[in-house]
Number of protein chains: 2
Amino acid sequence: MADPIRIMIVEDHNIVRQGLVALLQTVSDFVVVAEAADGRRAVELFREHQPDVTLMDLRLQKMNGVEAIGRIRSDFPLARIIVLTTFDGDEDIYRALQAGARGYLLKGMEGDELMDAIRAVHAGKSRIPSAVAERLAGRMSGPVLTDRETDVLRLIVKGNSNKEIASKLTITEATVKTHVNNLLSKLGVSDRTQAATTALQRGIVHLD
Amino acid sequence: MADPIRIMIVEDHNIVRQGLVALLQTVSDFVVVAEAADGRRAVELFREHQPDVTLMDLRLQKMNGVEAIGRIRSDFPLARIIVLTTFDGDEDIYRALQAGARGYLLKGMEGDELMDAIRAVHAGKSRIPSAVAERLAGRMSGPVLTDRETDVLRLIVKGNSNKEIASKLTITEATVKTHVNNLLSKLGVSDRTQAATTALQRGIVHLD
DNA sequence: CTCCTCCTCAACCTTTCGATGGACCTTGGT
DNA sequence: ACCAAGGTCCATCGAAAGGTTGAGGAGGAG
């Protein structure tokens, strides 16, 4: 038999992570060599163990999954990382793949698919389920928010008025209104409350 | 050795559920007798297997966890159910305990605590971590939204204007404004967008 | 019965939003 | 060098939202 696949698991919910470990240990050619509960620790442990495949959730303490992927890949460009998350919205999928993830799995999938994906990614392939790929395509076709618009959107979600946004970005309220207008049309909604909820739904911003 | 504790797991994410099963199987006096991926199935399987302890997530397809708990407890008042979730906000904790849950655990806790909780609840005790209990106390002290206010809040989160809300509830816009005003002061916010985001954060309503 | 809460509605006023049109500037392609 | 495009910026105006006060009816608790 070939060498086992050495796996690192990055997941902030202890019970879930321990469950994943137990699940993967039931497969003879998998061995979990490291576990991390947050992004910073993930980067450290990757350096130390250099696992064959890394399973990474995106919502993490201290450093989010996307940033952790980026840092790991900048040190180890061949790192094979699979995102394993509970669908955080189109935007997160896109950013994770941009950062260098080779696979993107949803926790709702079957354990078998997880095993397959680990083997596939370990063999140098990538693994994007069609359901995820479709969302990605949708994101591509849709309009992309500019940096400034994203700034404004983030402040809207936090409950700021246009005046407050203007103050925080040191621009006039009129300018904020322009950005808000562009946001609304790009997001396909008609007011800021809808903008906030769809931004959360699509994962463009998060509540912390 | 005593009889093993017969456990049912209700969790919509397959991978997480299978991980939990694998984790619990590592303990000799636990045996997982049923698994459900949604609330309806949970009620069916409880009838069929009548497990000693049920681990239940709250965010489920077809029937949410709170409703499933209520139905199970109406048929089996002695059912011992532990909520195992990723903190959905104060409101869900309250509703789950109201519905008859004996324990409320967060997925971020250690596996040991899960095992302890299962044994404690099986022995007829209850298990509410202090972190959860504090939030519960906070909820108690805070003002409680009326039914109508909750209706309005739900429609606000969906992005409806006051006029649209009035139409959908078949009341006048003036009345809607009254409810909105009461909502804002009860939630301690100053506009509807903040109301929407804090409602999501506190788990009073959910995005689907 | 009476008190209290909730739901309902109205009038009035102030502030905020959203829509529109146009300015300047940088960037990349011709 | 040019100009086309997109991003950021700003002003004005009508519409919507929020604040305030007041008030009537229905239903439950004491």
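So that the names make sense, note that chain A is the first sequence line, chain B the second, and so on, each numbered from 1.
Regarding contacts with the backbone of dC9(D), every side-chain N or O of Thr172(A) stays at 4.0 angstrom or more from both OP1 and OP2. Contact annotation: Asn162(A) reaches the phosphate of dC17(C) (side-chain N/O to OP1 or OP2, under 4.0 Å). A sub-4.0 Å separation between OP1 or OP2 of dC7(C) and a side-chain N or O of Thr146(B) is present. Taking side-chain N and O atoms only, Arg148(B) has no distance below 4.0 Å to OP1 or OP2 of dC7(C).
Between Asp191(A) atom CG and dC17(C) atom C1' the separation is 9 Å, expressed in whole Å. At whole-Å resolution of the value, NZ in Lys163(B) and P in dA16(D) are 5 Å apart. Straight-line distance from the CD atom of Glu149(A) to the P atom of dG6(D): 13 Å, rounded to whole Å. We find that CG of Asn182(A) is positioned 10 Å from P of dA19(C), with the value rounded to whole Å. Residue Arg192(A) contributes atom CZ, which lies 13 Å from atom C1' of dG18(D) at whole-angstrom precision. Atom CD of Glu173(B) and atom C1' of dA17(D) are 9 Å apart (whole Å). Distance, Ile165(A) CD1 to dT8(D) C1': 15 Å, rounded to whole Å. In this structure, CG of Leu183(A) is placed 12 Å from P of dG7(D), rounded to the nearest angstrom.
Ile7(B) pairs with exactly one of Val31(B), Val33(B), Ile118(B) by the side-chain contact (heavy atoms from CB on, under 4.5 Å) rule, that one being Ile118(B).
Closest contact between the side chain of Leu184(A) and the listed nucleotides dC10(D), dA10(C), dG18(C) involves dG18(C). The side chain of Asp147(B) has dC7(C) as its nearest neighbour among dC17(C), dG18(D), dC7(C). Here the nucleotide nearest the side chain of Thr178(B), chosen from dC9(C), dA16(D), dA11(D), is dC9(C). Candidate nucleotides dC9(D), dC17(C), dA17(D) were compared by shortest atom distance to the side chain of Lys177(A), and dC17(C) ranks first. Taking the side chain of His179(A) as heavy atoms from C-beta on, and the options dT8(D), dA10(C), dA17(D), the nearest nucleotide is dT8(D).
Thr175(B) comes within 4.0 angstrom of a nucleotide base, judged by non-hydrogen atoms across all strands. Across all strands shown, Asn181(A) has heavy atoms under 4.0 Å from base atoms, whether or not it also approaches the sugar-phosphate.
Of the residues in residues 152-160 of chain A, none has a non-hydrogen atom less than 4.0 angstrom from any atom of DNA chain D.
Residues Thr178(B) and Thr175(B) have side chains that never bring a donor and an acceptor to within less than 3.5 angstrom of each other. Residues Glu164(A) and Ser167(A) have side chains that never bring a donor and an acceptor to within less than 3.5 angstrom of each other.
Put simply, the side chain of Arg102(A) never gets that close to the backbone of Val53(A): no donor and acceptor are under 3.5 Å apart.
Remark: Asp151(B) engages Arg148(B) in a salt bridge, criterion side-chain N to carboxylate O under 4.0 Å. Arg47(B) and Asp75(B) are joined by a salt bridge, as a carboxylate oxygen and a charged side-chain nitrogen come within less than 4.0 angstrom of each other.
Looking only at side-chain heavy atoms (C-beta outward), Ile156(B) and Asn160(B) stay at 4.5 Å or farther from each other.
To the nearest 0.5 Å, the span separating CD on Gln18(B) from CD on Glu11(B) amounts to 10.5 Å.
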